[in-house]
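Atoms within each ligand, like the ligands themselves, are counted from 1 in listed order. Source: prediction; values computed, not measured.
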Amino acid sequence: SLYPHSLRNIDELCASIVRSHRETCQYRVEELQALRWKLFSREEIQAYQSKSVDEMWQHCAIRLTDAVQFVVEFAKHIPGFRMLSQNDQIALLKTGSMEVVLVRMSRFFNTENNTVFFDGKFAGTEVFKSLACGDLIAAVFDFAHAMCALKLTEQQIALFCALVLINADRPCLEDRGRVQRVQRSVELGLTHILHRDHQQSLMHKLHQRMEVLRSLCSLHMEKLRWFSQRYPLTAHSMFPPLYKELFA
Ligand SMILES: CNC(=O)[C@@H]1CCCN1C(=O)c1ccc(Cl)c(COc2cccc3c(C(F)(F)F)cc(C)nc23)c1Cl
């Protein structure tokens with residue numbers, strides 16, 4: 001059947017994905033709104049900029065790994081995800097989790113002053129200078145800007161993240177057919193939500209965003225490889241096992 005056995009209808013599918021998003025999104029939008037004018041002082045920015053490359057990467061990797069863990073939790077509650085084989089679940093998370101982290105980061109973004117929530121305050125691109133990958137950070141900020149421009153609701157973001165993750169075109173899947181069935185039910189959910197919100201035109205834009213996500217994340221993986229080659233010790237020690245499992 002199109003729906004996993006446990007679900008009676010599309011509303012229930014959407015409700016469980018939205019609930020899972022709410023429980024694993026790290027910060028609620030209201031919390032971030034309240035903090036949006038908490039910016040780093042010049043001294044604090046100086047401190048970040050005087051970190052060494054691998055220190056700053058380590059600082060970010062811890063947060064990225066945290067964020068990836070929350071995405072793994074989110075995935076586990078997507079109806080049908082746990083019906084997939086272990087290998088297919090890992091394969092989807094290996095390629096999709098950083099893309100979902102990126103989509104979720106757009107929720108931490110303040111387009112009025114081009115800052116993103118990082119380490120408890122809102123940071124501009126200059127804070128990340130010592131990473132020595134300005135192109136990646138610029139791309140992260142640009143993507144967040146474009147996502148914010150769509151003004152998605154939390155429910156739309158939840159369904160979009162589920163669709164980013166459950167993608168039957170991912171490489172090395174054992175049972176593509178099964179992933180396709182779960183993907184189709186999530187697509188139905190997103191279409192249902194957009195129809196209910198009278199925003200069907202968003203579907204095409206969201207598919208365009210998914211294309212951009214793929215190219216962005218291959219750039220990220222290239223940076224990650226560059227970093228782990230240049231700083232093998234740090235990369236080896238700092239990426240907790242799950243991260244290595246997902247990105248090694
Ligand atoms: C409260 N906010 C958070 O917890 C968020 C969620 C995940 C990251 N995080 C941050 O604190 C955060 C917010 C904004 C930015 Cl620009 C950054 C720095 O981002 C990165 C620096 C290094 C590598 C990054 C890579 C690479 F290359 F590893 F794939 C990929 C992504 C997408 N971001 C990278 C970070 Cl680490």
Side-chain angles (χ1 to χ4, degrees), residues 21 24-36 38-40 44-45 48-49 51-74 93-111 113-148 157 161 164-165 209-210 212-232 234-236 238-240 242-248:
H21 169 74
T24 62
C25 64
Q26 288 184 275
Y27 295 86
R28 286 199 327 284
V29 178
E30 305 76 47
E31 286 172 297
L32 294 169
Q33 276 299 336
L35 294 167
R36 75 179 188 285
K38 253 187 108 180
L39 303 172
F40 286 112
E44 287 169 321
I45 293 173
Y48 283 117
Q49 293 180 338
K51 280 178 184 286
S52 66
V53 174
D54 64 338
E55 243 179 325
M56 191 60 182
W57 266 86
Q58 180 152 343
H59 199 75
C60 295
I62 292 165
R63 278 147 194 76
L64 289 162
T65 306
D66 266 0
V68 165
Q69 312 265 10
F70 280 102
V71 172
V72 172
E73 269 317 297
F74 169 65
L93 282 167
K94 214 174 173 73
T95 42
S97 57
M98 191 56 90
E99 292 182 9
V100 174
V101 165
L102 253 174
V103 173
R104 289 177 154 204
M105 271 160 76
S106 63
R107 296 168 69 254
F108 304 148
F109 208 78
N110 178 353
T111 50
N113 55 12
N114 202 31
T115 59
V116 67
F117 191 62
F118 169 77
D119 252 0
K121 292 187 180 176
F122 277 80
T125 52
E126 70 283 355
V127 166
F128 303 97
K129 211 164 99 192
S130 55
L131 283 171
C133 50
D135 50 346
L136 176 130
I137 297 303
V140 168
F141 273 62
D142 290 347
F143 182 80
H145 247 285
M147 281 308 293
C148 290
I157 290 177
C161 286
V164 164
L165 217 44
R209 293 280 105 219
M210 282 168 77
V212 171
L213 262 179
R214 263 172 237 157
S215 56
L216 241 185
C217 277
S218 47
L219 166 73
H220 289 170
M221 289 310 132
E222 193 190 299
K223 287 287 169 196
L224 217 45
R225 264 191 297 280
W226 162 79
F227 175 76
S228 39
Q229 267 143 27
R230 197 154 139 66
Y231 299 95
T234 321
H236 196 75
M238 80 180 168
F239 290 132
L242 172 106
Y243 204 81
K244 270 199 272 281
E245 162 58 35
L246 286 180
F247 301 109

### Summary
For F117, the atoms of ligand 1 under 4.0 Å from one of its heavy atoms are 1 (C), 2 (N), 13 (C)
### Task
For K51, look at atom NZ and say whether over 12 heavy atoms of other residues, nucleotides or ligands are found less than 6.0 Å away.
yes
### Query
Should you measure from each heavy atom of A67, which atoms of ligand 1 turn up under 4.0 Å away?
6 (C), 7 (C)
### Task
Any atoms of ligand 1 less than 4.0 Å from a non-hydrogen atom of W57? List them with their elements.
23 (C), 27 (F), 28 (F)
### Message
Below 3.5 Å, N or O to N or O, backbone or side chain included: is there any such pair between F108 and ligand 1?
### Response
no
### Message
Would you say T24 and R104 are linked by a side-chain donor-acceptor pair, where the criterion is simply a distance under 3.5 Å?
### Response
yes
### Query
Which ligand 1 atoms does V116 reach within 4.0 Å, using its non-hydrogen atoms?
14 (C)
### Task
Please find out if less than 6.0 Å separates the ring center of F118 from that of H59.
yes
### Query
Taking the side chain as C-beta and beyond, is there a heavy-atom pair between L131 and K223 under 4.5 Å?
no
### Message
At less than 4.0 angstrom from any non-hydrogen atom of I137, what atoms of ligand 1 do you find?
### Response
16 (Cl)
### Task
Specify side chain, backbone, both or neither for L131, according to which of its non-hydrogen atoms lie closer than 4.0 Å to ligand 1.
side chain
### Side-chain heavy-atom pair N114, H145 within 4.5 angstrom cut-off
yes
### Query
F141 and A123: which non-hydrogen atoms are nearest, and at how many Å?
CZ-O, 3.7 Å
### Task
Pull out every atom of ligand 1 sitting under 4.0 Å from any heavy atom of Y27, numbered as shown with elements.
1 (C)
### Query
Got L213 and V103 here, is their nearest side-chain heavy-atom distance under 4.5 Å?
yes
### Summary
Short version for C60: what comes under 4.0 Å of ligand 1, heavy atoms counted, is both
### Query
Using heavy atoms and a threshold below 4.0 Å, how should the contact between M98 and ligand 1 be classified: side chain, backbone, both, or neither?
side chain
